[in-house]
There are 2 protein chains.
Amino acid sequence: MKKNTDSNAGVKEIARRAKVSTATVDRVIHNRTGVSEKTKDRINKIIQELNYQPNVLAQRLALASRGTLRLAVLLPAISEETEYWKAPLEGVNKAESEIKQYRVQIERYFFDQNIKASFEEQAQRIMKAEPDGILVSPTFEEESKVLLAYCSERNIPCVLINSDISGYDRLSYIGPELFHSGYLSAQLVHYCVTKGQKVIIANIAREIDNNFAILRKEEGFRAYFKENLSEKLVLPFNSTDTDYKTVAAKLSKLLKTEEKLGAIYVTNSRVSLVAKWLEAVDRKDVLLIGYDFLDENVNYLEKGFIDFLICEKPQEQGYRGIMTLFQTLVYSAPAEENYLMPIDIITRANYKFYRN
Amino acid sequence: MKKNTDSNAGVKEIARRAKVSTATVDRVIHNRTGVSEKTKDRINKIIQELNYQPNVLAQRLALASRGTLRLAVLLPAISEETEYWKAPLEGVNKAESEIKQYRVQIERYFFDQNIKASFEEQAQRIMKAEPDGILVSPTFEEESKVLLAYCSERNIPCVLINSDISGYDRLSYIGPELFHSGYLSAQLVHYCVTKGQKVIIANIAREIDNNFAILRKEEGFRAYFKENLSEKLVLPFNSTDTDYKTVAAKLSKLLKTEEKLGAIYVTNSRVSLVAKWLEAVDRKDVLLIGYDFLDENVNYLEKGFIDFLICEKPQEQGYRGIMTLFQTLVYSAPAEENYLMPIDIITRANYKFYRN
DNA sequence: CTGAAAGCGCTTACAG
DNA sequence: CTGAAAGCGCTTACAG
C-alpha cells in the first residue's frame, strides 16, 4: 500500500520538503506568530502544491490533551403541560455522546416557561459559571438580551434555537421560519376545506401577545388567506387558559354561533386539547392542524382527529446547536447565521416513518 | 484538569489495574483469541467497573495504518431523462469526504437504467475488482441476485438502496417503504378532491410490469381508496413511452372521455411531464402529486401545476449506505436490516426549507 | 498466552 | 525564530 501520495501527505512530508521541523509547519498552518516570512512562504508554497488536507482525527486526538470545553444549555423544563422540550434535550444528549471524546462538558440549566424570573435566575447562574459557549432557547426576550450582551462582551459564542432575537449578536439561529410555517398550514387548509367554510385559528398559551412565535405563525396563516381566499373566513380563538376544561368550554361556545366550520389551526403543540374536544363533540369532519410530534398528538393523529402535524425537527435543533458551538470553538469553523429547519408535514399515513 | 476519572479511563488504566499490557487488554476488548480465561475475566470485570468506552478517534487513527478499504458503488447513470440519481451520488460523495481520512476508497460504477446488459456488465467489473463492500441500487432483479449471491459467498457486505430484493442476504436495505408512499398520496388526494371526482394513477416508465417500485406504490394507493372511498374512482394510465409528446397525446385522449377529473398521481419523478401537459391544456384545477425534489419538478411546484411532491431523501440514502458499510467493515457495528426513509411532503409553501 | 515498542498524524511545552 | 521530544488513546507486528 502506497502512502504519502500527493493527496494524503501530512505535516511530516511538508516538513521534510521544507527542511524544517513539524512544529514550524504547524505554526504556519495555524497562522501562529514566530516564523520568518521566508520559511513561512516556503512552507505555504509546499502546502499549496501538495494540496494538504489536515487529518481531522489526529487533530482532534491531539487537541484532547488541552483543557475541557464547557458548554451551557438553557432550555425550558419539561412540564406536564408539554413534553415538547424533551426533544431538543435529546438532541443535546446525542451531540454530547458524539463529542464527549473531545473533552466537552455540557451543563444543563432549566427554567419554567411560565415564570420569567426562573429564566433570569438560570441565566445568572450561567454567567457566573463562565462557560465557553452557550445554547439557549430565548423564551423571554428582554432577559435573553441580557445574556446575549454578556456573551457579546466576552466573545462567548451563543446559539439560539427555536426562536430568534433580532438585532443582537449571536453565532447562529437554528429553528423554524415561523411565517412560512403558518403559511403552509393555511395552504393545507385551503386544499382541504370547501368553499365558504370558516377556519378557526386557535392560540392557546399563557401569554399570547408577547409570544412572537404564535403571532408570526398567525401572520403567515392570514397572509395566505388574504392572497388566496379571504381573511374574513378566519375566526380568531384565543385562550390564555391552557387546561382542557376551559378550552373545551370556550370552543363549544364558539361552535354554537358558527355553523360552517371547516378547519381549526392550532398555532402550537396544544393541538391535542382541541383534538380531545373534537372527539368529545364527535366532529371528525373538522380538519385539524397543529404542531409537534408528541405522543399525545400522534395518538390523535392515529385516531383521525388530528389531520396534519407540522414539525420542525426539535431534536435536530438541539443536536445541531451543540455541534455548531463545538465546531466553532474547536476548529473556528464558520457557522451559518440562520439555519432554518425544514417544515415537515406528518399525517396518519406517514408518521410511522418520521424521524425527529 | 483531572484525567482518568472513572468515566474516561482508557486501555492504559485497565492494563495497570489488571497488571497486564495494553496489548492484552486490546485482545479482550475485541474478543480475539490467545488470552487465558482467567486474565480475560479479570480484564472484563475491570472494563465493567470502569464502564470503559473506547475513544473512537484514537481507534480510527490507529486503524488508519491498516490497508485501504475499497468500496464499490453501483448506481444508474444520470441521464437527460432524469436527474434523480444525482442525489444518491452526492450522498456518496459527502460520505466519502467525511471518511476519506480513514483510508477509504470508493469506486463508482454506472449503468444505463434502460439497458439490462449494462447493469450486468458493471456488476461483472465489480466482482472482478473484489471490493470490501458494495452499495447498489438493484434496478434489475435477476442481475442483482447474481451480485448478491457473489457477496454472500465471499462474505462481502452489500447495502441496497432505493429498492429492495427480498429473500437474499444483504447487510441492509435503505430506502422508501413504497406501499405507504402510495397510501399517503391517496390520503392527500382524498383530502383535496371533492366527492365523486375521478383520479388518474399514472405510471410512466419504460418498464412497468417488472417495476416493483411502481407496482407497490400503486398497491398502496389503491388500498387507501378501497378502504376509504372506492377503487372505481381510480383510472389507470400507463405509458411505456417517456417522451413528452406521446404522454401528452395519451393524456389528452383520456381527458376527452373523462369529465370529472379531480387529481393525477404520478408514481415516479416523471410528474413534470404531466405538469407540462396540465400547463398546456390550462388545467390548474387538477391536483397533481408526484415524486422527487428535482429542479424541473420544483419549478412546476412553484408555478402551481404540481401540488405535492413526495420525497424520500435520496441523498441521505447514498450517504447512509456508505456510512453503514464503513461502520460494519471498520467497527463491526451492527446495521439496521431495514432502514426506511421518512416520506416527506413538499409543497409550494415549504420547499424552500427542504433539505435532501 | 503475553508484553515491549512502534506507529497512526497532529499539537505543544520546553529549550535554545 | 526554530527544533527535539513527548503526548493524545488505541492497534499491531514481532518476539518470546
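By convention in this document, chain letters (A, B, ...) are assigned in the order of the sequence lines, proteins followed by strands, and residues within each chain are numbered from 1. Side chains included, hydrogens not; waters and symmetry mates left out as well; all remaining heavy atoms used.
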Solution key, residues 39-47 of chain B side-chain donor-acceptor pairs under 3.5 Å, sequence neighbours excluded:
residue : atom : partner : partner atom : Å
B:T39   : OG1  : B:S36   : O            : 3.1
B:T39   : OG1  : B:S36   : OG           : 2.8
B:R42   : NH1  : B:A18   : O            : 2.3

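With sequence neighbours left out, A:R70 forms a salt bridge (charged side-chain N to carboxylate O under 4.0 Å, His left out) with A:E107. A:A77 is linked by a side chain to side chain contact (heavy atoms under 4.5 Å, CB included) to A:F110, counting only residues two or more places apart in sequence or in another chain. Taking A:L340 as the reference, A:Y173, A:E177, B:F353 meet the side chain to side chain contact (heavy atoms under 4.5 Å, CB included) condition, with sequence neighbours excluded. B:A23 meets the side chain to side chain contact (heavy atoms under 4.5 Å, CB included) test with B:S21, B:R27; sequence neighbours excluded. The side chain to side chain contact (heavy atoms under 4.5 Å, CB included) search around A:S137 returns A:L75, A:P76, A:W85, A:T139, A:I161, A:N162, not counting sequence neighbours.
Toward the 5′ end of DNA chain C lies the nearest nucleotide of B:T33, the other residue of the pair B:T33 and B:A58 mapping further downstream.
Look at CG on B:L61: it is 11 Å from P on D:dT11, rounded to the nearest Å. Nucleotide C:dT2 holds its P atom 15 Å from the NZ atom of B:K19, rounded to whole Å. Taking atom CZ on B:R27 and atom P on D:dC10, their separation rounds to 16 Å, with Å as the unit. Taking atom CG on A:D26 and atom C1' on C:dA13, their separation rounds to 13 Å, with Å as the unit. When the P atom of D:dT2 is taken as reference, atom CD of A:E37 falls 11 Å away, rounded to whole Å. For the pair B:R16 CZ and C:dG3 C1', the interatomic distance rounds to 18 Å; values are reported in whole Å. One atom, OH of A:Y52, and another, P of C:dG9, lie 10 Å apart when rounded to the nearest Å. Residue B:I29 contributes atom CD1, which lies 14 Å from atom C1' of D:dT12 at whole-angstrom precision.
Between A:R32 and C:dT12 there is a side-chain N or O to OP1 or OP2 distance below 4.0 Å. Between A:K12 and the phosphate of C:dC8, there is a side-chain N or O to OP1/OP2 separation shorter than 4.0 Å. Between A:Q59 and C:dT11, a side-chain N or O to OP1/OP2 separation shorter than 4.0 Å is present. Dashed line: the shortest gap from a side-chain N or O of B:T24 to OP1 or OP2 of C:dG3 is under 4.0 Å. In this model, the phosphate group of D:dT2 is approached by a side-chain N or O of A:S36 to a distance below 4.0 Å at OP1 or OP2.
Each of C:dG3, C:dC8, C:dT11 was ranked by its minimum atom distance to the side chain of A:A62; first place goes to C:dT11.
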Intra- and interstrand pairs of DNA chain C - dot-bracket, Watson-Crick/G-U under 3.5 Å, | marks other strand:
|||.||||||||.|||

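Residue pairs satisfying the salt bridge (Lys or Arg N to Asp or Glu O under 4.0 Å) criterion with at least one member in residues 316-332 of chain B, sequence neighbours excluded, are listed as follows: B:E316-B:R320.
Residues of residues 40-47 of chain A that place a heavy atom closer than 4.0 Å to DNA chain D do not occur.
The side-chain heavy atoms of B:Y52 and B:I29, taken from C-beta on, include a pair separated by under 4.5 Å. Side-chain contact check for A:L135 versus A:L71: every heavy-atom pair is 4.5 Å or farther apart. Using a 4.5 Å cut-off on side-chain heavy atoms (C-beta onward), A:I165 and A:R170 make no contact.
Among the heavy atoms of the strands lying under 4.0 Å from B:T39 are primed sugar atoms or P, OP1, OP2 only; no base atom is included. Within 4.0 Å (heavy atoms only), B:N55 reaches sugar-phosphate atoms of the nucleic acid but no base atom.
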